[in-house]
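Throughout, numbering of the chain's residues begins at 1 and tracks the sequence.
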Amino acid sequence: MNVLRVAFYTAKRQLKNKSSIISVVFFTLLLILVLGNSLKLIYEPMSFDKQSICIYSNNQRNINDFKNFLNNNDAYKDRIKVVEVKARKIGIDNVKKRINDAYMELENPKVIPSASVKNIYIYYSNDFEVSIIKNAIDSYKYSGNVNIKDRSDVVQNNPLNLQNKRPNSTGYYAVTMLLMIMLYCAPYGVDIVTEDKNRNMIGRIKSLPISRTKLMIGKVLGSVSVIFSLATCIIIFSKFVYKVNWGTNIINLIPIILLFSFFTVSLGAFMGSVIKDAVIIHYIINLIVPFFTFISGGYIGNMFLGDSINNISFLSPSYAAKNIILKNAYGYGMYVSGFYIELIVASILLFLITIVLGRRKA
(Lines give C-alpha, C1' and ligand atoms only; values in the text may rest on other atoms or scores of the structure.)
Protein backbone atom coordinates (compact mmCIF):
# COMPACT_ATOMS: atom_id res chain seq x y z
CA MET A 1 0.00 0.00 0.00
CA ASN A 2 2.92 2.35 0.74
CA VAL A 3 4.17 1.88 -2.83
CA LEU A 4 0.78 2.81 -4.26
CA ARG A 5 0.57 5.83 -1.98
CA VAL A 6 3.98 7.02 -3.19
CA ALA A 7 2.85 6.46 -6.80
CA PHE A 8 -0.33 8.47 -6.22
CA TYR A 9 1.42 11.47 -4.70
CA THR A 10 4.19 11.38 -7.32
CA ALA A 11 1.61 11.50 -10.12
CA LYS A 12 -0.39 14.17 -8.31
CA ARG A 13 2.69 16.36 -7.92
CA GLN A 14 3.78 15.94 -11.54
CA LEU A 15 0.28 16.74 -12.79
CA LYS A 16 0.16 20.03 -10.90
CA ASN A 17 1.72 21.91 -13.81
CA LYS A 18 -1.44 21.74 -15.91
CA SER A 19 -0.32 24.35 -18.43
CA SER A 20 2.80 22.34 -19.28
CA ILE A 21 0.79 19.14 -19.70
CA ILE A 22 -1.79 20.82 -21.94
CA SER A 23 1.05 22.31 -23.99
CA VAL A 24 2.62 18.88 -24.52
CA VAL A 25 -0.65 17.36 -25.74
CA PHE A 26 -1.50 20.36 -27.93
CA PHE A 27 2.00 20.54 -29.44
CA THR A 28 1.96 16.84 -30.32
CA LEU A 29 -1.44 17.04 -31.98
CA LEU A 30 -0.30 20.12 -33.89
CA LEU A 31 2.82 18.29 -35.12
CA ILE A 32 0.72 15.36 -36.30
CA LEU A 33 -1.63 17.69 -38.17
CA VAL A 34 1.10 19.80 -39.78
CA LEU A 35 3.39 16.94 -40.80
CA GLY A 36 0.48 14.76 -41.87
CA ASN A 37 -0.84 17.39 -44.26
CA SER A 38 2.43 18.86 -45.51
CA LEU A 39 3.94 15.46 -46.38
CA LYS A 40 0.76 13.85 -47.65
CA LEU A 41 2.02 13.48 -51.22
CA ILE A 42 5.19 11.70 -50.12
CA TYR A 43 3.23 9.01 -48.30
CA GLU A 44 0.44 8.63 -50.84
CA PRO A 45 2.19 5.79 -52.71
CA MET A 46 2.38 3.88 -49.42
CA SER A 47 -1.34 3.09 -49.56
CA PHE A 48 -0.36 -0.15 -51.33
CA ASP A 49 2.07 -1.99 -49.13
CA LYS A 50 4.81 -4.39 -50.10
CA GLN A 51 3.35 -7.90 -50.02
CA SER A 52 5.13 -11.06 -49.03
CA ILE A 53 5.02 -14.57 -50.43
CA CYS A 54 6.64 -17.64 -48.95
CA ILE A 55 8.00 -20.29 -51.30
CA TYR A 56 8.88 -23.95 -50.96
CA SER A 57 10.51 -26.19 -53.53
CA ASN A 58 12.61 -29.33 -53.50
CA ASN A 59 14.68 -27.73 -56.22
CA GLN A 60 16.53 -24.54 -55.24
CA ARG A 61 16.82 -23.63 -58.90
CA ASN A 62 13.04 -23.12 -59.06
CA ILE A 63 13.16 -20.60 -56.23
CA ASN A 64 16.12 -18.78 -57.74
CA ASP A 65 14.35 -18.56 -61.11
CA PHE A 66 11.29 -16.95 -59.55
CA LYS A 67 13.42 -14.51 -57.53
CA ASN A 68 15.34 -13.52 -60.62
CA PHE A 69 12.07 -12.99 -62.49
CA LEU A 70 10.88 -10.56 -59.79
CA ASN A 71 14.22 -8.75 -59.54
CA ASN A 72 14.33 -8.21 -63.30
CA ASN A 73 10.83 -6.72 -63.35
CA ASP A 74 10.51 -3.15 -62.05
CA ALA A 75 6.79 -3.65 -61.36
CA TYR A 76 7.49 -6.36 -58.79
CA LYS A 77 11.04 -6.20 -57.44
CA ASP A 78 10.36 -3.54 -54.78
CA ARG A 79 6.80 -4.58 -54.00
CA ILE A 80 7.02 -8.32 -53.34
CA LYS A 81 9.10 -9.88 -50.60
CA VAL A 82 10.06 -13.54 -51.06
CA VAL A 83 10.57 -15.77 -48.02
CA GLU A 84 11.86 -19.33 -48.38
CA VAL A 85 10.34 -21.97 -46.09
CA LYS A 86 11.50 -25.50 -45.32
CA ALA A 87 8.16 -27.29 -45.63
CA ARG A 88 4.69 -26.94 -47.16
CA LYS A 89 3.00 -26.91 -43.73
CA ILE A 90 5.11 -23.92 -42.62
CA GLY A 91 4.10 -21.96 -45.70
CA ILE A 92 0.38 -22.65 -45.22
CA ASP A 93 0.58 -21.78 -41.51
CA ASN A 94 2.31 -18.51 -42.39
CA VAL A 95 -0.66 -17.54 -44.55
CA LYS A 96 -3.15 -18.50 -41.85
CA LYS A 97 -1.24 -16.44 -39.28
CA ARG A 98 -0.89 -13.49 -41.70
CA ILE A 99 2.88 -13.68 -41.55
CA ASN A 100 2.85 -13.91 -45.35
CA ASP A 101 0.14 -13.00 -47.84
CA ALA A 102 0.46 -16.11 -49.99
CA TYR A 103 2.28 -19.45 -50.23
CA MET A 104 3.63 -20.89 -53.47
CA GLU A 105 5.04 -24.33 -54.07
CA LEU A 106 7.17 -24.97 -57.17
CA GLU A 107 7.45 -28.52 -58.38
CA ASN A 108 9.04 -30.21 -61.39
CA PRO A 109 6.57 -32.76 -62.83
CA LYS A 110 7.87 -36.33 -62.70
CA VAL A 111 6.42 -37.17 -66.09
CA ILE A 112 8.32 -34.32 -67.74
CA PRO A 113 12.06 -34.48 -67.10
CA SER A 114 12.75 -30.95 -68.29
CA ALA A 115 13.81 -28.71 -65.38
CA SER A 116 12.29 -25.73 -67.16
CA VAL A 117 8.75 -27.04 -66.69
CA LYS A 118 7.19 -26.29 -63.33
CA ASN A 119 3.88 -26.82 -61.59
CA ILE A 120 2.80 -24.06 -59.20
CA TYR A 121 0.59 -24.73 -56.19
CA ILE A 122 -0.79 -21.67 -54.43
CA TYR A 123 -2.35 -21.10 -51.03
CA TYR A 124 -3.56 -17.60 -50.30
CA SER A 125 -5.74 -15.23 -48.27
CA ASN A 126 -8.87 -13.36 -49.31
CA ASP A 127 -8.51 -10.63 -51.93
CA PHE A 128 -5.76 -12.57 -53.69
CA GLU A 129 -7.44 -12.06 -57.06
CA VAL A 130 -6.68 -8.32 -56.96
CA SER A 131 -3.22 -8.59 -55.42
CA ILE A 132 0.10 -7.78 -57.01
CA ILE A 133 1.28 -11.29 -56.08
CA LYS A 134 -1.33 -12.80 -58.39
CA ASN A 135 -0.24 -10.47 -61.18
CA ALA A 136 3.38 -11.50 -60.67
CA ILE A 137 2.56 -15.22 -60.67
CA ASP A 138 0.44 -14.88 -63.80
CA SER A 139 3.26 -12.98 -65.50
CA TYR A 140 5.72 -15.67 -64.43
CA LYS A 141 3.41 -18.32 -65.86
CA TYR A 142 3.50 -16.73 -69.31
CA SER A 143 7.25 -16.10 -69.16
CA GLY A 144 8.16 -19.73 -69.70
CA ASN A 145 7.15 -23.37 -69.28
CA VAL A 146 5.17 -22.83 -66.11
CA ASN A 147 1.80 -24.32 -65.28
CA ILE A 148 -0.60 -23.13 -62.56
CA LYS A 149 -1.44 -26.64 -61.41
CA ASP A 150 -3.79 -25.87 -58.56
CA ARG A 151 -5.02 -23.00 -56.41
CA SER A 152 -5.73 -24.29 -52.96
CA ASP A 153 -8.69 -23.19 -50.88
CA VAL A 154 -8.74 -19.59 -49.77
CA VAL A 155 -8.05 -18.89 -46.09
CA GLN A 156 -11.47 -17.65 -45.06
CA ASN A 157 -11.92 -14.48 -43.00
CA ASN A 158 -8.29 -13.58 -43.53
CA PRO A 159 -8.31 -10.66 -45.99
CA LEU A 160 -5.15 -9.04 -47.31
CA ASN A 161 -6.61 -5.56 -46.70
CA LEU A 162 -4.79 -4.37 -49.79
CA GLN A 163 -6.11 -0.82 -49.61
CA ASN A 164 -5.17 -0.35 -45.96
CA LYS A 165 -1.82 -2.05 -45.50
CA ARG A 166 0.05 1.07 -44.45
CA PRO A 167 -0.88 4.30 -42.72
CA ASN A 168 -1.34 7.54 -44.60
CA SER A 169 0.89 10.45 -43.62
CA THR A 170 -1.32 11.53 -40.70
CA GLY A 171 -1.51 7.99 -39.36
CA TYR A 172 2.24 7.51 -39.68
CA TYR A 173 3.16 10.72 -37.89
CA ALA A 174 0.55 10.09 -35.21
CA VAL A 175 2.67 7.08 -34.21
CA THR A 176 6.13 8.61 -34.57
CA MET A 177 5.31 11.96 -32.96
CA LEU A 178 3.59 10.23 -30.06
CA LEU A 179 6.72 8.19 -29.38
CA MET A 180 8.95 11.24 -29.76
CA ILE A 181 6.95 13.26 -27.21
CA MET A 182 6.91 10.31 -24.83
CA LEU A 183 10.72 10.22 -24.97
CA TYR A 184 10.80 13.95 -24.28
CA CYS A 185 9.03 13.09 -20.99
CA ALA A 186 12.27 11.51 -19.71
CA PRO A 187 12.72 14.47 -17.27
CA TYR A 188 9.90 12.91 -15.23
CA GLY A 189 12.30 10.04 -14.58
CA VAL A 190 15.15 12.43 -13.86
CA ASP A 191 12.96 14.25 -11.38
CA ILE A 192 12.18 11.21 -9.24
CA VAL A 193 15.92 10.67 -8.66
CA THR A 194 17.07 14.25 -8.18
CA GLU A 195 14.14 15.81 -6.28
CA ASP A 196 15.19 14.46 -2.90
CA LYS A 197 18.75 15.72 -3.33
CA ASN A 198 17.55 19.15 -4.33
CA ARG A 199 15.28 19.37 -1.32
CA ASN A 200 17.83 17.93 1.13
CA MET A 201 15.40 15.21 2.13
CA ILE A 202 17.81 12.26 2.29
CA GLY A 203 17.69 12.17 6.07
CA ARG A 204 13.90 12.18 6.10
CA ILE A 205 13.75 9.41 3.51
CA LYS A 206 15.93 7.17 5.67
CA SER A 207 13.49 7.60 8.53
CA LEU A 208 10.42 6.62 6.47
CA PRO A 209 8.84 3.17 7.13
CA ILE A 210 9.53 2.09 3.53
CA SER A 211 12.65 0.84 1.82
CA ARG A 212 14.46 2.96 -0.70
CA THR A 213 13.74 0.38 -3.40
CA LYS A 214 10.00 0.44 -2.75
CA LEU A 215 10.12 4.23 -2.69
CA MET A 216 11.76 4.25 -6.12
CA ILE A 217 9.24 1.71 -7.46
CA GLY A 218 6.37 3.89 -6.26
CA LYS A 219 7.82 6.98 -7.89
CA VAL A 220 8.38 5.12 -11.16
CA LEU A 221 4.80 3.87 -11.15
CA GLY A 222 3.54 7.40 -10.57
CA SER A 223 5.61 8.85 -13.42
CA VAL A 224 4.65 6.01 -15.75
CA SER A 225 0.97 6.68 -15.07
CA VAL A 226 1.45 10.35 -15.97
CA ILE A 227 3.16 9.63 -19.31
CA PHE A 228 0.63 6.89 -20.06
CA SER A 229 -2.23 9.33 -19.44
CA LEU A 230 -0.71 11.92 -21.76
CA ALA A 231 -0.23 9.32 -24.49
CA THR A 232 -3.79 8.07 -24.05
CA CYS A 233 -5.19 11.59 -24.51
CA ILE A 234 -3.21 11.99 -27.75
CA ILE A 235 -4.31 8.59 -29.07
CA ILE A 236 -8.00 9.15 -28.32
CA PHE A 237 -8.06 12.66 -29.80
CA SER A 238 -6.20 11.63 -32.96
CA LYS A 239 -8.43 8.58 -33.40
CA PHE A 240 -11.75 10.42 -33.26
CA VAL A 241 -10.72 13.82 -34.67
CA TYR A 242 -7.95 13.00 -37.15
CA LYS A 243 -9.43 9.55 -37.88
CA VAL A 244 -6.07 7.86 -37.27
CA ASN A 245 -6.17 4.06 -37.45
CA TRP A 246 -4.81 2.73 -34.16
CA GLY A 247 -6.22 -0.75 -34.79
CA THR A 248 -9.63 -2.32 -34.45
CA ASN A 249 -9.13 -2.75 -30.71
CA ILE A 250 -7.44 0.22 -29.11
CA ILE A 251 -7.07 -1.78 -25.87
CA ASN A 252 -4.28 -3.72 -27.59
CA LEU A 253 -2.16 -0.57 -27.40
CA ILE A 254 -2.08 -0.58 -23.60
CA PRO A 255 0.88 -3.01 -23.18
CA ILE A 256 3.21 -1.17 -25.57
CA ILE A 257 2.27 2.31 -24.31
CA LEU A 258 2.83 1.21 -20.69
CA LEU A 259 6.12 -0.46 -21.62
CA PHE A 260 7.39 2.57 -23.54
CA SER A 261 6.35 4.84 -20.64
CA PHE A 262 8.35 2.60 -18.30
CA PHE A 263 11.34 2.74 -20.64
CA THR A 264 11.16 6.55 -20.76
CA VAL A 265 11.02 6.88 -16.98
CA SER A 266 13.82 4.32 -16.51
CA LEU A 267 15.98 6.18 -19.03
CA GLY A 268 15.44 9.48 -17.22
CA ALA A 269 16.06 7.94 -13.80
CA PHE A 270 19.26 6.32 -15.07
CA MET A 271 20.53 9.63 -16.40
CA GLY A 272 19.63 11.36 -13.15
CA SER A 273 21.65 8.74 -11.26
CA VAL A 274 24.86 8.94 -13.28
CA ILE A 275 24.90 12.66 -14.15
CA LYS A 276 24.80 15.32 -11.46
CA ASP A 277 24.25 18.42 -13.56
CA ALA A 278 20.58 18.87 -14.54
CA VAL A 279 21.54 21.20 -17.40
CA ILE A 280 23.73 18.52 -18.95
CA ILE A 281 20.97 15.94 -18.54
CA HIS A 282 18.44 18.07 -20.40
CA TYR A 283 21.02 18.81 -23.10
CA ILE A 284 21.61 15.08 -23.60
CA ILE A 285 17.86 14.39 -23.73
CA ASN A 286 17.43 17.10 -26.37
CA LEU A 287 20.22 15.41 -28.31
CA ILE A 288 19.30 11.72 -28.13
CA VAL A 289 15.54 12.06 -28.64
CA PRO A 290 15.88 13.58 -32.16
CA PHE A 291 18.56 10.98 -32.91
CA PHE A 292 16.35 8.07 -31.80
CA THR A 293 13.43 9.57 -33.73
CA PHE A 294 15.45 10.09 -36.91
CA ILE A 295 17.02 6.61 -37.18
CA SER A 296 13.66 5.02 -36.38
CA GLY A 297 12.09 6.76 -39.37
CA GLY A 298 10.20 9.23 -37.22
CA TYR A 299 10.74 12.30 -39.37
CA ILE A 300 10.74 10.50 -42.70
CA GLY A 301 9.98 6.84 -43.35
CA ASN A 302 12.75 4.25 -43.30
CA MET A 303 12.10 3.46 -46.96
CA PHE A 304 13.47 6.94 -47.75
CA LEU A 305 16.59 6.52 -45.60
CA GLY A 306 19.83 4.94 -46.73
CA ASP A 307 20.99 1.46 -45.80
CA SER A 308 23.63 2.86 -43.43
CA ILE A 309 20.91 4.46 -41.29
CA ASN A 310 18.46 1.58 -41.57
CA ASN A 311 21.18 -0.80 -40.38
CA ILE A 312 21.35 1.02 -37.04
CA SER A 313 17.62 1.66 -36.64
CA PHE A 314 17.40 -1.21 -34.15
CA LEU A 315 19.36 0.96 -31.70
CA SER A 316 16.35 3.22 -31.32
CA PRO A 317 13.66 2.23 -28.80
CA SER A 318 11.25 4.25 -30.93
CA TYR A 319 11.85 1.87 -33.84
CA ALA A 320 10.81 -1.12 -31.74
CA ALA A 321 7.71 0.62 -30.37
CA LYS A 322 6.75 1.94 -33.81
CA ASN A 323 6.79 -1.52 -35.36
CA ILE A 324 4.72 -2.97 -32.52
CA ILE A 325 2.07 -0.25 -32.87
CA LEU A 326 1.95 -0.54 -36.68
CA LYS A 327 1.68 -4.31 -36.40
CA ASN A 328 -1.30 -3.83 -34.09
CA ALA A 329 -3.00 -1.36 -36.43
CA TYR A 330 -2.19 -2.76 -39.87
CA GLY A 331 -1.42 -6.41 -39.30
CA TYR A 332 2.03 -6.44 -40.88
CA GLY A 333 3.51 -9.86 -41.54
CA MET A 334 6.20 -9.51 -38.91
CA TYR A 335 7.06 -10.92 -35.51
CA VAL A 336 7.08 -8.30 -32.75
CA SER A 337 8.20 -10.48 -29.85
CA GLY A 338 11.81 -9.42 -30.47
CA PHE A 339 10.83 -5.75 -30.23
CA TYR A 340 9.02 -6.40 -26.96
CA ILE A 341 12.04 -8.24 -25.57
CA GLU A 342 14.32 -5.38 -26.61
CA LEU A 343 12.25 -2.78 -24.75
CA ILE A 344 11.68 -4.97 -21.69
CA VAL A 345 15.36 -5.84 -21.29
CA ALA A 346 16.49 -2.23 -21.82
CA SER A 347 13.91 -0.86 -19.35
CA ILE A 348 14.67 -3.38 -16.60
CA LEU A 349 18.41 -2.96 -17.06
CA LEU A 350 18.22 0.83 -16.74
CA PHE A 351 15.90 0.55 -13.74
CA LEU A 352 18.12 -1.95 -11.91
CA ILE A 353 21.21 0.17 -12.48
CA THR A 354 19.34 3.16 -11.03
CA ILE A 355 18.35 1.11 -7.97
CA VAL A 356 21.95 -0.08 -7.42
CA LEU A 357 23.40 3.39 -7.81
CA GLY A 358 20.78 4.80 -5.48
CA ARG A 359 21.70 2.33 -2.75
CA ARG A 360 25.40 3.08 -3.05
CA LYS A 361 24.82 6.82 -2.70
CA ALA A 362 22.43 6.42 0.25
Side-chain angles (χ1 to χ4, degrees), residues 11 14-15 17 20-32 34-35 172-194 219-235 238 246 253-275 278-302 305 309 312-326 339-340 342-351 353-354:
Q14 293 180 344
L15 287 171
N17 192 350
S20 175
I21 292 172
I22 293 174
S23 298
V24 168
V25 174
F26 176 78
F27 180 68
T28 307
L29 294 172
L30 182 62
L31 276 176
I32 295 171
V34 172
L35 291 175
Y172 184 79
Y173 285 112
V175 176
T176 61
M177 293 300 101
L178 170 70
L179 298 175
M180 183 186 75
I181 292 299
M182 289 179 71
L183 281 179
Y184 271 122
C185 290
Y188 284 126
V190 177
D191 183 54
I192 64 178
V193 173
T194 61
K219 289 183 176 183
V220 168
L221 290 176
S223 297
V224 167
S225 66
V226 171
I227 299 175
F228 178 81
S229 299
L230 294 176
T232 301
C233 290
I234 295 170
I235 291 172
S238 62
W246 291 99
L253 288 173
I254 291 179
I256 180 57
I257 299 301
L258 279 175
L259 177 56
F260 202 69
S261 299
F262 177 50
F263 172 83
T264 298
V265 174
S266 298
L267 177 63
F270 168 77
M271 296 176 68
S273 298
V274 299
I275 304 173
V279 175
I280 295 178
I281 293 176
H282 283 80
Y283 176 79
I284 294 176
I285 291 174
N286 290 329
L287 189 66
I288 64 173
V289 171
F291 174 73
F292 282 155
T293 303
F294 175 70
I295 66 174
S296 71
Y299 300 123
I300 186 167
N302 290 93
L305 300 176
I309 296 177
I312 62 172
S313 59
F314 72 94
L315 297 174
S316 171
S318 301
Y319 181 76
K322 182 187 77 171
N323 280 289
I324 293 172
I325 294 174
L326 292 179
F339 294 126
Y340 268 114
E342 175 187 343
L343 289 174
I344 291 172
V345 171
S347 301
I348 293 177
L349 185 61
L350 291 171
F351 178 70
I353 294 175
T354 301

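Closest of all the heavy-atom pairs between I300 and Y173 is CA-OH, 4.0 Å. Considering every non-hydrogen atom in both T264 and A186, the closest pair reads CG2-N, 3.4 Å. Between P317 and F260 the shortest heavy-atom distance is O-CE1, 3.6 Å. When all heavy atoms are compared, the tightest approach of G298 to M177 is O-CE, 3.6 Å. What you find for G272 and V190 is that their closest heavy atoms are CA-CG1, 4.2 Å. Residues V193 and S273 approach most closely at CG1-OG, 3.7 Å, considering heavy atoms.
For the atom pair CG of L267 and CZ of F351, the computed distance is 14.0 Å after rounding to the nearest 0.5 Å. To the nearest 0.5 Å, the span separating CZ on F27 from CD1 on I32 amounts to 11.0 Å. One finds the SG atom of C233 at 11.0 Å from the CG atom of L178 (value rounded to the nearest 0.5 Å). Considering OH of Y172 and CG of L35, their distance stands at 11.0 Å, rounded to 0.5 Å. In this structure, CG in L179 is found 11.0 Å from OG1 in T28, a value given to the nearest 0.5 Å. Atoms CD1 and OG, on I309 and S296 in that order, are 11.0 Å from each other to the nearest 0.5 Å.
For Q14, the side chain to side chain contact (heavy atoms under 4.5 Å, CB included) partners at least two apart in sequence or on another chain are T10, Y188, D191, I192, S223, V226. Residues satisfying the side chain to side chain donor-acceptor pair (under 3.5 Å) test with S261, not counting sequence neighbours, are none. Listed by chain and number, the residues in a side chain to side chain contact (heavy atoms under 4.5 Å, CB included) with T232 are F228, I236 (sequence neighbours excluded). Applying the side chain to side chain contact (heavy atoms under 4.5 Å, CB included) criterion to L259, with sequence neighbours excluded, gives Y340, L343, I344, S347.
Side-chain contact between L350 and F263 is present, with heavy atoms from C-beta onward closer than 4.5 Å.
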Identify all side-chain donor-acceptor contacts of residues 283-295 below 3.5 Å with residues at least two apart in sequence or on another chain.
{"from": "N286", "atom 1": "ND2", "to": "H282", "atom 2": "O", "distance (Å)": "3.1"}
{"from": "T293", "atom 1": "OG1", "to": "V289", "atom 2": "O", "distance (Å)": "2.8"}

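Between the side chain of S316 and the backbone N or O of S313 there is no donor-acceptor pair closer than 3.5 Å.
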